[in-house]
S.K.: 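Got a structure for you, written out below as structure tokens; questions coming shortly.
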Protein chains: 2
Amino acid sequence: MDVKVQNVGFLKMFSQTVEYALRAVVQLAYKAPEPCTTEQIAEATMVPKAYLSKVLQGLSRAGIVNSQRGIRGGMSLSKSPDELTILDVVNSVDPIQRIHQCPLGLKSHGANLCPLHRRMDESLATVEKAFASTTLAEILAEPNNSAPLCERVDQNPYVNLTTPRSPEN
Amino acid sequence: MDVKVQNVGFLKMFSQTVEYALRAVVQLAYKAPEPCTTEQIAEATMVPKAYLSKVLQGLSRAGIVNSQRGIRGGMSLSKSPDELTILDVVNSVDPIQRIHQCPLGLKSHGANLCPLHRRMDESLATVEKAFASTTLAEILAEPNNSAPLCERVDQNPYVNLTTPRSPEN
DNA sequence: TCAAAACAGGATACGGATGTCTGATTTAAT
DNA sequence: ATTAAATCAGACATCCGTATCCTGTTTTGA
């Protein structure tokens with residue numbers, strides 16, 4: 001089972017790095033304005049610590065978070081949660097790549113996308129727009145019986161339930 | 001220039017494979033019901049021939065296209081262009097992976113996503129919906145001064161115009 | 001002053017997506 | 001039957017995102 005027949009993978013529209021970055025800033029927003037150490041964030045968000053460190057460095061360079069070294073140091077948001085959008089975070093780490101030109105590089109189409117690529121770009125634009133209009137504060141405030149992120153954890157993750165390709169059986 | 005400061009890449013929401021598959025079926029729809037050889041499709045869509053072959057094999061297994069070996073053979077759509085949606089194609093090659101459970105694997109949240117992941121999944125759902133409601137026929141029929149795909153080509157492709165991160169210079 | 005806490009960043013490893021190549025197989029036309 | 005045209009299949013090769021490790025640097029507090 002799980003034969004992986006050839007070039008059939010999964011479309012991860014969001015990279016791991018984006019996922020990790022978002023978890024981190026949500027956690028930071030949750031604790032704001034107190035700083036958190038990378039280790040604390042890593043535990044709360046279940047992200048590999050060493051890699052999270054890299055991601056946070058990126059967010060720091062982009063001005064999303066402040067880093068403070070030494071005892072009592074850590075990471076903190078550089079702005080208030082209601083001034084930071086999801087898009088800010090995503091674009092700091094893995095900028096959404098809109099389709100600005102015909103990917104085939106045809107001169108005749110310039111910025112004038114063919115119907116196919118126009119549809120694709122419209123989808124990208126929709127996501128971009130949704131992300132741009134959502135602040136961290138909104139995520140924290142959301143009425144929901146699940147906490148923004150989560151403290152207590154039991155066990156394992158990521159099962160794929162989509163049954164993406166099962167012709168029969 | 002082009003320093004690639006660390007873990008800063010680009011969010012390609014759609015894989016190359018998806019892009020190639022879509023180009024191929026659009027081209028096939030354009031020529032339908034005549035079959036096209038892999039080579040013909042590769043030229044028209046500017047996709048590496050050998051790799052396109054793999055992609056088409058996947059589409060064939062998924063029942064999107066029919067393959068016919070031997071002289072006068074080639075690839076052809078297995079359905080009418082107005083019965084094939086973009087989503088059909090995408091899901092045959094790189095199924096869109098919705099978020100069905102908390103990616104942190106928290107038991108307490110089950111299928112009950114936290115606000116962050118709910119927003120992300122909503123974006124995925126939006127894209128999925130848009131793709132599900134677009135047929136190949138619609139793409140061909142679209143009033144547009146750029147042809148669905150393109151025959152004549154001049155030169156090179158894929159420039160990135162987004163200036164994703166340039167703090168200064 | 002000094003030691004511990006914390007981030008910074010280079011080197012490296014690993015796996016999957018992307019891409020190439022070659023030979024086998026099928027098919028239609030002659 | 002033979003041959004040429006085409007797909008099919010698998011073995012590679014390569015690149016990049018992900019992840020780890022390890023050492024250095026900065027900062028704080030006692």
Side-chain angles (χ1 to χ4, degrees), chain A residues 2-21 23-24 28 34-43 45-62 65-76 78 93-95 97 103 158, chain B residues 2-21 23-24 28 34-43 45-62 65-76 78 93-95 97 103 158:
Chain A
D2 195 14
V3 200
K4 172 66 173 170
V5 189
Q6 193 115 344
N7 55 351
V8 179
F10 283 100
L11 226 210
K12 290 191 85 85
M13 305 249 291
F14 308 116
S15 67
Q16 275 301 101
T17 305
V18 161
E19 164 82 26
Y20 292 165
R23 286 190 208 173
L28 282 175
E34 291 301 308
C36 302
T37 69
T38 300
E39 178 143 31
Q40 289 170 336
I41 301 172
E43 276 179 26
T45 59
M46 304 183 68
V47 173
K49 178 181 153 190
Y51 190 63
L52 177 61
S53 171
K54 301 283 186 198
V55 176
L56 286 169
Q57 281 176 43
L59 290 174
S60 171
R61 273 190 298 272
V65 304
N66 289 324
S67 69
Q68 178 63 46
R69 296 216 235 193
I71 287 181
R72 292 290 195 80
M75 298 289 184
S76 56
S78 61
V93 162
D94 259 351
Q97 188 163 30
Y158 260 119
Chain B
D2 195 16
V3 199
K4 174 66 174 169
V5 188
Q6 192 112 348
N7 55 349
V8 180
F10 283 100
L11 226 209
K12 290 192 84 85
M13 305 249 289
F14 309 118
S15 66
Q16 277 301 104
T17 304
V18 161
E19 164 81 27
Y20 292 165
R23 286 191 208 173
L28 282 174
E34 291 301 308
C36 301
T37 69
T38 301
E39 177 142 31
Q40 289 170 337
I41 302 172
E43 275 178 27
T45 59
M46 304 182 69
V47 174
K49 177 183 155 190
Y51 191 63
L52 177 62
S53 171
K54 298 285 183 192
V55 176
L56 286 170
Q57 282 177 42
L59 289 174
S60 172
R61 272 189 299 272
V65 304
N66 289 323
S67 67
Q68 176 65 44
R69 294 216 235 194
I71 285 183
R72 291 291 194 81
M75 300 288 183
S76 56
S78 61
V93 162
D94 259 351
Q97 188 163 32
Y158 260 120

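Bear in mind that the values here come from a model prediction, so they are computed numbers and not experimental data. Letters go in sequence order (proteins before strands), and every chain restarts at 1.
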S.K.: Compare the minimum distances between each of dC21(D), dA6(C), dG19(C) and the side chain of A50(A), then state the nucleotide with the smallest one.
M.R.: dC21(D)
S.K.: Which sits closer to the 5' end of DNA chain D, P48(A) or S67(B), going by the nucleotide each is nearest to?
M.R.: S67(B)
S.K.: Between dT18(C), dA19(D), dC7(C), which nucleotide gets closest to the side-chain atoms of Y20(A)?
M.R.: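 Nearest nucleotide to the side chain: dA19(D).
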S.K.: Could you check how far CD1 of I71(B) sits from P of dA1(D), rounded to whole Å?
M.R.: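 In whole Å, dA1(D) P and I71(B) CD1 are 17 Å from each other.
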S.K.: CD of E19(A) versus P of dG17(D): gap in Å, rounded?
M.R.: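 Whole-Å distance recorded here is 18 Å.
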S.K.: Could you tell me which non-hydrogen atom of M75(A) sits nearest to which non-hydrogen atom of L28(A), and how far apart they are?
M.R.: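 Closest pair (atom of M75(A), atom of L28(A), distance): O-CD2, 3.2 Å.
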S.K.: Any donor-acceptor pair under 3.5 Å linking the side-chain atoms of D94(B) with those of S15(B)?
M.R.: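 Side chains of S15(B) and D94(B): pair found under 3.5 Å.
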S.K.: Rounded to the Å, how far apart are K49(A) NZ and dG9(C) P?
M.R.: 17 Å
S.K.: At less than 3.5 Å, do the side-chain atoms of R69(B) and the base atoms of dT25(C) form a donor-acceptor pair?
M.R.: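 Indeed, a donor on one side and an acceptor on the other fall under 3.5 Å apart.
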S.K.: Please report the distance, rounded to the nearest Å, between CD in Q57(B) and P in dT25(C).
M.R.: 15 Å
S.K.: Tell me which of R72(B) and S15(A) sits closer to the 5' end of DNA chain D, going by the nucleotide each one is nearest to.
M.R.: R72(B)
S.K.: Could you pick out which residue, M75(A) or G70(B), lies toward the 5' side of DNA chain C when each is mapped onto its nearest nucleotide?
M.R.: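 Closest to the 5' end, via its nearest nucleotide, is M75(A).
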S.K.: Within a strict 4.5 Å, meaning less than it, do heavy atoms of the Y51(B) and T17(B) side chains meet?
M.R.: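 Of all side-chain heavy-atom pairs linking T17(B) with Y51(B), at least one is under 4.5 Å.
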S.K.: Once you round it to whole Å, what is the distance between C1' of dC16(D) and CG of D94(A)?
M.R.: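 The distance from CG of D94(A) to C1' of dC16(D) comes to 12 Å, rounded to the nearest Å.
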S.K.: Tell me whether the side-chain N/O atoms of T17(A) come closer than 4.0 Å to OP1 or OP2 in dT18(D).
M.R.: yes
S.K.: Phosphate oxygens OP1/OP2 of dT28(D): is one of them under 4.0 Å from a side-chain N or O of Q68(A)?
M.R.: yes
S.K.: Using atom OH of Y51(B) as one end and atom C1' of dA17(C) as the other, report the distance to the nearest whole Å.
M.R.: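 Atom OH in Y51(B) sits about 6 Å away from atom C1' in dA17(C).
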S.K.: About how many Å separate OG1 of T38(B) and CD of Q57(B), when rounded to the nearest 0.5 Å?
M.R.: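 Rounded to the nearest 0.5 Å, the CD-OG1 separation comes out at 8.5 Å.
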S.K.: How close do L52(A) and A24(A) get, counting heavy atoms only, and between which atoms?
M.R.: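 The answer is CD1-CB, 4.0 Å.
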S.K.: For K54(A) and dC7(C), give me the distance from atom NZ to atom P, rounded to whole Å.
M.R.: 13 Å
S.K.: Over how many whole Å does the gap from E39(B) atom CD to dA4(D) atom P extend?
M.R.: 17 Å
